[in-house]
Amino acid sequence: MPGTLSFDDLKSRVSDGSIDTVLVCLVDMQGRLMGKRFHAANFIEISYDETHCCNYLLATDLEMATPDGYASTSWQSGYGDYVMKPDRETIRPVPWLEGTAMVLCDVLDHHTHDPVPHAPRAVLKKQIARLEALGFTAMMATELEFFLFERSFDALRKDGYRNLDPISGYNEDYHILQTTKEEVVMRPLRNHLYAAGLPVENTKGEAEAGQEELNIRYAPALDCADHHTIAKHAVKEIAWQAGHAATFLPKWSADRVGSSSHVHQSLWKDKIALFQDSEDPLGMSDLMKHYMAGLIAYAPEYMVFLAPYVNSYKRFAKGTFAPTKTVWSVDNRTAGFRLCGVGTKGVRVECRIGGSDLNPYLAQAGMLAAGIKGIEDKMELAPATKGDVYEDADAQEIPRTLRAATETLQGSAMLRAAMGDDVIDHYTRAAEWEQEEYDRAVTDWEIARGFERA
Ligand code: ADP
């Protein structure tokens, strides 16, 4: 499989003329690529070492507004610069854009050159380092679900996002005939991502009209998050190139199934699968049980990282495959956590709570922090639940609103100890702002319901 490019590979591609543009990108709080397009000659001569960006990039909302209340930056402090430090391990071609390569950056303080703690890559790296200090490596896979639409982003925006017609007319779960009709987007997506060094496994139709799933082979946690981010970006760009639109909004219609991002996780040491124990009836090691106990117990505390917006919470409904309870089950899709790969080296836990809008760095960091706590405290895993978990009255509920999840994040002693007060305060503020903006909005629903009848 063609992998990432070394810096020397990049230099030769620039000198043979096959690459003329380098995208130098950081990952923002929303999990988006932000940065600059460099002329490749400038990048390989000068900017490979560092470039700069306004520090508001880690303190804006989706619409690039500049909320107050962040300690890291403000109008008061003059919105100075961050250093964008290219991580040269991540240089790769971007085959769906002509003559283009990409590099991901770490974000550093402009004066001290220390990592900025709330930058999503830094948040995840910190938890990976804690896990490595215990002697473990986390292997992760995030599934990407999204919808494709008949019309383009521009056409839909100009129409006020009305008449959102999905690219297909019926539920296309595992459907080969219908997904053949979508190969104009999905085939280049698979092939371009693969050529960019992402180990694409497959795409499939999902359980709603126009809904797709992209699976990428599991990888060390940081690579997994990088893959997710690049793949999500590629979905939108390749759909746009084909005259279509793609959305990762978890719930774009009240009447349709939502989109999720399930996260598969396992711990390894070198090539040894540490979650496996062939003596155990389900093949689960004690390490796995402790990790899962932490993962489940602390789910309400890292919920904001799985569901960061008001819309994220509209997905959670009984009988939709979007779980509402923080319990685990064996190969049962109604529980928040599903045991997969029973009896194999690939035994793993899948968290099914996260929406398609999660930031994969923050979501994985939250889950690793919880799992590490479970291991450190040797937490006991309760027995698996059975049957329809939606009806299990004893099971712990996930926070059902952004407001509730923000409170559990803010009050989480576990996450404060694992990530730092500055990081938790930063993301608490981001979540509060989303709620404040929503509370200010007057929606179509309110007008239609009350205009005449109130
Ligand atoms: P499903 O039954 O959900 O379709 P798959 O076999 O397609 O399951 O696996 C789902 C995801 O789990 C894939 O992206 C795969 O790479 C990942 N996966 C497989 N083994 C492991 C593991 N040991 N740790 C983490 N992720 C894994």
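Please read these numbers as outputs of a predicted model, since none were measured by experiment. In this chain, residues are counted from 1 in sequence order. First listed ligand is number 1; within each ligand, the first listed atom is number 1.
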*asked:* Over 60° means perpendicular and under 30° means parallel, so tell me whether Phe7 and Phe43 are parallel, tilted or perpendicular.
replied: perpendicular
*Does a side-chain N-to-carboxylate-O contact under 4.0 Å join Glu432 and Arg429?*
yes
*Could you tell me how the ring of Tyr218 sits relative to the ring of Trp268: parallel (under 30°), tilted (30 to 60°) or perpendicular (over 60°)?*
parallel
*Approximate separation, where rounding is to 0.5 Å, of Met102 CE and Thr90 OG1*: 9.0 Å
*What do the steps show when you test Glu132 against Lys125 for salt bridge (Lys or Arg N to Asp or Glu O under 4.0 Å), and what is the final call?*
CA-CA 10 Å; Glu132 274 167 6; Lys125 279 184 174 185; over 6 Å; no
*Min side-chain heavy-atom separation Glu172-Lys181 under 4.5 Å*: no
_Residues lining ligand 1 [heavy-atom distance under 4.0 Å, listed by chain and residue number]_ = Met139, Ala141, Glu143, Glu201, Ile216, Arg217, Tyr218, His264, Ser266, Trp268, Arg338, Gly346, Arg348
